[in-house]
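I have placed the structure first, in the form of structure tokens, so that the comments after it can refer back to it.
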Amino acid sequence: MQKLPSSFYSRRTLTIAKSLLGKIFIRKIGKKILSGKIVEVEAYLYNDPACHAYRGMTERNKVMFNEGGHLYVYFTYGIHYCANIVTNKKGIGEAVLIRAVEPIGGIDVMMKNRFGKSDRHLEGDGHLKNLTNGPAKFAQAFGLTKKQNGVSLLGNEIFITDGEKISPSRIVATTRIGISVAQEKKWRFYIKESPWVSKR
DNA sequence: TCCACGATCGGCT
DNA sequence: GCCGATCGTGGAG
């Protein structure tokens, strides 16, 4: 499958958010290849009070001001990491949060990253569905931490490829989760009826 | 320098 | 359904 080019990431953030659904997020770790189909995202725009970049550039959010096509990973609640795709042109400060993926390859590694082991019995539906159905769960399963903050998605370690084409009628737009401002904006997008979308 | 709080998750009631 | 964990960040002073 084709790696998405820089032109994919330099468009309008809301356009990118919707077109990321169905694409394949890939991380290579040594010989292992972790992959998952993106099923749920949220968009964060520069003039949006819920966006980390809303108040301008800081030490934490400076990666968001790169040109689209970089990974922005941040630490929150003293425990979790969340991973975003930086979007739009250099200096703007926008991103798309990956909220959930459908695991495809490297499930044994994801199991180990999430639960500390990869025994076959853990691959029962309970644990499998709980693997990547949330932003911090996805980051943990794919081993994304501050070390990956700022990585280019045009390189060979972490990138996104073409996947399933999702028709507009299968895309649901709703309000974003877990924010205290700009709660009216319907900038959370997910694939209708996907079992891998986060709860709530 | 200080301190309130967060783009969450999992365990407990 | 609710609540606690746990700490880096940044806005306030």
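Below, read A as the first sequence line, B as the second, and so on, with proteins coming before strands; counting in each chain starts at 1.
- Side-chain atoms of A:Ser19 come within 3.5 Å of backbone N or O of A:Ile16 as a donor-acceptor pair.
- Counting to the nearest Å, the P atom of B:dG10 and the CZ atom of A:Phe115 are 7 Å from each other.
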When you check every protein heavy atom under 4.0 Å of nucleotides 6-13 of chain C, what one-letter string (B, S, -) results, 5' to 3'? BBSSSS--
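- Checked against salt bridge (charged side-chain N to carboxylate O under 4.0 Å, His left out), A:Arg170 has the following partners two or more places apart in sequence or in another chain: A:Glu164.
- Identified under the ring pair (Phe, Tyr, Trp, His ring centres under 6.0 Å) test for residues 84-110 of chain A, with sequence neighbours left out: none.
- When heavy atoms are screened at a 4.0 angstrom cut-off, A:Ala50 is found touching base atoms of the nucleic acid.
- For A:Lys199 and B:dA7, the NZ to P distance is 22 Å, given to the nearest whole Å.
- The salt bridge (charged side-chain N to carboxylate O under 4.0 Å, His left out) search around A:Glu42 returns A:Arg99, not counting sequence neighbours.
- For A:Lys137 and B:dG10, the shortest distance from a side-chain N or O to OP1 or OP2 is below 4.0 Å.
- Between the C1' atom of B:dT8 and the CD1 atom of A:Ile177 lies a distance of 11 Å, rounded to the nearest Å.
- If you measure from atom CZ of A:Arg114 to atom C1' of B:dT8, you get 11 Å, rounded to the nearest angstrom.
- A:Leu97 comes within 4.0 angstrom of a base, heavy atoms only.
- Members clustered with A:Ile26: A:Met1, A:Ile24, A:Ile33, A:Ile104, A:Phe159, by chain and number, using a 4.5 Å side-chain heavy-atom cutoff among hydrophobic residues.
- In this structure, the NE2 atom of A:His52 is 12 Å from the C1' atom of B:dT8, given to the nearest Å.
- In this structure, A:Phe138 places its CZ atom 18 Å from P of B:dA7, rounding to the nearest Å.
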All N/O contacts under 3.5 Å from nucleotides 11-13 of chain B to the protein, with atom names and distances to one decimal?
none

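- Legend: ring pair (Phe, Tyr, Trp, His ring centres under 6.0 Å) pairs involving residues 5-40 of chain A, not counting sequence neighbours, sorted by first then second residue: A:Phe25-A:Phe138, A:Phe25-A:Phe142.
- Side chain to side chain, A:Glu184 and A:Thr175 fail the donor-acceptor criterion of an N or O pair below 3.5 Å.
- One interatomic measurement links the two molecules: CD of A:Gln183 to C1' of B:dA7, which rounds to 12 Å at whole-angstrom precision.
- With a 3.5 Å limit on both pairing distances and Watson-Crick or G-U wobble geometry required, the stems of 3 or more pairs in DNA chain C span B:1-6 with C:7-12, B:8-12 with C:1-5.
- In this structure A:Arg27 satisfies the salt bridge (charged side-chain N to carboxylate O under 4.0 Å, His left out) test together with A:Glu157, sequence neighbours excluded.
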Quiz: residues 74-85 of chain A side-chain donor-acceptor pairs under 3.5 angstrom, not counting sequence neighbours:
residue: A:Asn84; atom: ND2; partner: A:Tyr72; partner atom: O; Å: 3.2

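- Between A:Arg99 and the phosphate of B:dT8, there is a side-chain N or O to OP1/OP2 separation shorter than 4.0 Å.
- Listed by first and then second residue, the salt bridge (Lys or Arg N to Asp or Glu O under 4.0 Å) pairs that reach into residues 2-21 of chain A come to none, sequence neighbours excluded.
- Within the 4.5 Å cutoff, the side chain of A:Leu14 has heavy atoms near those of the A:Trp187 side chain.
- With sequence neighbours left out, A:Asp162 forms a side-chain contact (heavy atoms from CB on, under 4.5 Å) with A:Gln2, A:Leu4, A:Lys23.
- As rounded to whole Å, 12 Å separates atom C1' of B:dT8 from atom CD of A:Glu42.
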